[in-house]
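Here is how names work: the chains are called A, B, and so on, in the same order as the sequence lines, proteins then strands, and each is numbered from 1. What you see below is based on every heavy atom in this structure, not just the backbone, and it leaves out hydrogens, waters and symmetry mates.
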There are 2 protein chains.
Amino acid sequence: MTDLYAETIAAWTGLAAVGRSLVEEIERDLKAADLPPLGWYDALLEIERAAPDGVRPHDLGARLLLPQYGASRLLDRMVRAELIVKKTCYTDGRGQWIFITEQGRKMRQRMWPVYEAALRRNLQERLSVSELESLAALTKKLRATT
Amino acid sequence: MTDLYAETIAAWTGLAAVGRSLVEEIERDLKAADLPPLGWYDALLEIERAAPDGVRPHDLGARLLLPQYGASRLLDRMVRAELIVKKTCYTDGRGQWIFITEQGRKMRQRMWPVYEAALRRNLQERLSVSELESLAALTKKLRATT
DNA sequence: CGATTTTAGATGCAGACGCATGTATGTGGT
DNA sequence: ACCACATACATGCGTCTGCATCTAAAATCG
């Protein structure tokens, strides 16, 4: 078993630091604009895409890489905020179907410009298109079979 | 203001997904080995490097990208676990100096193989050295002036 | 020196997370 | 039909986080 290369460490520390600080910046910006946290954006997008059929919480959790209880509670909060609705599933008595509400669509639309601006400032303005492409390719390679 | 490129989105989603799932995997492995969370590793390393002079909590927080209260409470837990000690600072009555203990060194040594193995499996075995280099270079570019 | 401002660090509170478990429904084997 | 097991989702408990605020000790300035 060979040792870790210095390049591996550098890649990891870079990856971790960039990921964390960008997430934190986006969260700050959203909060400053009185908007919900970043995780809600992805959830709203996923749920919106699933319309008009709806999504099951379990599937949604898998797509968002959330633990089961994480999805359960996130959806709970979003229901309380009236951004989504839960409907009981008649074909499976254990299940629920999740749908976005009109308020939910509006909220996602309000969140996007903030999110987009942070991505533009921190990624698009700092890297060329080919650099963005290689970053995307590298991360894709890292995600395969993880 | 131009729109976001698809490449920007792909780079960001990839970056975020890889970062998150790798952190989660490392945390799982550490927990499975009955070891403290990942954040403790970085803190222990930083504190060990600062020996024998010690570090001030404020400086440490800055290096670890933690908010002030985050550093305060992390150090608190680590003192309770007897991995570090706080000594009152005589040149500045408000301050503290942090030192690693022998137990702290041992703990860091026990954590490293777990951490290292995850990095090897997820980064080193999936990318070539030149790919690791370009990932490191790209993330470095993204950190400048953030 | 005395008054104001800045800095180091701690902490109460409310909300979120991880873990384990609970409840209810579905599925497969005999 | 029955029983064992699996799946979908919720939740109690303890820990951790973010926010705001507090205390105490410099540092700055008139």
Report task. Please tell me which of A:E24 and A:H58 maps to the more 5' nucleotide of DNA chain D, matching each residue to the nucleotide holding its nearest heavy atom. Result -> A:H58
Report task. Select from B:D92 and A:D92 the residue whose nearest nucleotide in DNA chain D is closer to the 5' end of that strand. Result -> A:D92
Query raised in the report: Do you reckon B:W40 sits in the same ILVMFWY cluster as B:V85, going by side-chain contacts under 4.5 Å, direct or chained?
Result: no
Query raised in the report: How close or far is atom P of C:dG18 from atom CD1 of B:I26, stated in whole angstroms?
Result: 16 Å
Query raised in the report: Rounding to a whole Å, what distance do you find between B:D59:CG and C:dA8:P?
Result: 8 Å
To check you understand the geometry: which heavy-atom pair defines the closest contact between [X] and [Y], and what is its length?
X	Y	result
A:A71	A:G61	CB-CA, 3.9 Å
B:A50	B:V55	CB-CG2, 3.3 Å
A:R20	B:L65	NH2-O, 2.9 Å
A:M107	A:P36	SD-CD, 3.5 Å

Query - Net bend of the helix from C:dC1-D:dG30 to C:dT30-D:dA1, end axes of five pairs each, nearest 10 degrees - result: 20°
Nucleotide N/O of nucleotides 10-14 of chain C paired with protein N/O under 3.5 Å:
{"residue": "C:dA10", "atom": "OP1", "partner": "B:K86", "partner atom": "NZ", "Å": "2.8"}
{"residue": "C:dA10", "atom": "OP2", "partner": "B:S72", "partner atom": "OG", "Å": "2.6"}
{"residue": "C:dA10", "atom": "N7", "partner": "B:Q68", "partner atom": "NE2", "Å": "2.9"}
{"residue": "C:dA10", "atom": "N6", "partner": "B:Q68", "partner atom": "OE1", "Å": "2.8"}
{"residue": "C:dG12", "atom": "O6", "partner": "B:R73", "partner atom": "NH1", "Å": "3.2"}
{"residue": "C:dG12", "atom": "O6", "partner": "B:R73", "partner atom": "NH2", "Å": "3.4"}

Report task. Report the residue (A:R80 or B:R28) whose heavy-atom-nearest nucleotide on DNA chain C is the more 5′ of the two. Result -> A:R80
Query raised in the report: Which nucleotide span of DNA chain D, 5' end to 3' end, has atoms closer than 4.0 Å to non-hydrogen atoms of chain A?
Result: D:dT7 to D:dC19
Query raised in the report: Nearest of C:dA24, C:dA8, C:dC17 to any side-chain atom of A:R77?
Result: C:dC17
**Report entry** Steps toward side chain to side chain contact (heavy atoms under 4.5 Å, CB included) verdict (B:L135, A:L142)
**Finding:** CA-CA 11 Å; B:L135 184 52; A:L142 289 172; 4.1 Å; yes
Report task. State, with a plain yes or no, whether a side-chain heavy atom of B:M78 is found less than 4.5 Å away from one of B:I98. Result -> no
Report task. Check the surroundings of atom NZ in A:K86: do more than 12 heavy atoms from other residues, nucleotides or ligands lie under 6.0 Å from it? Result -> yes
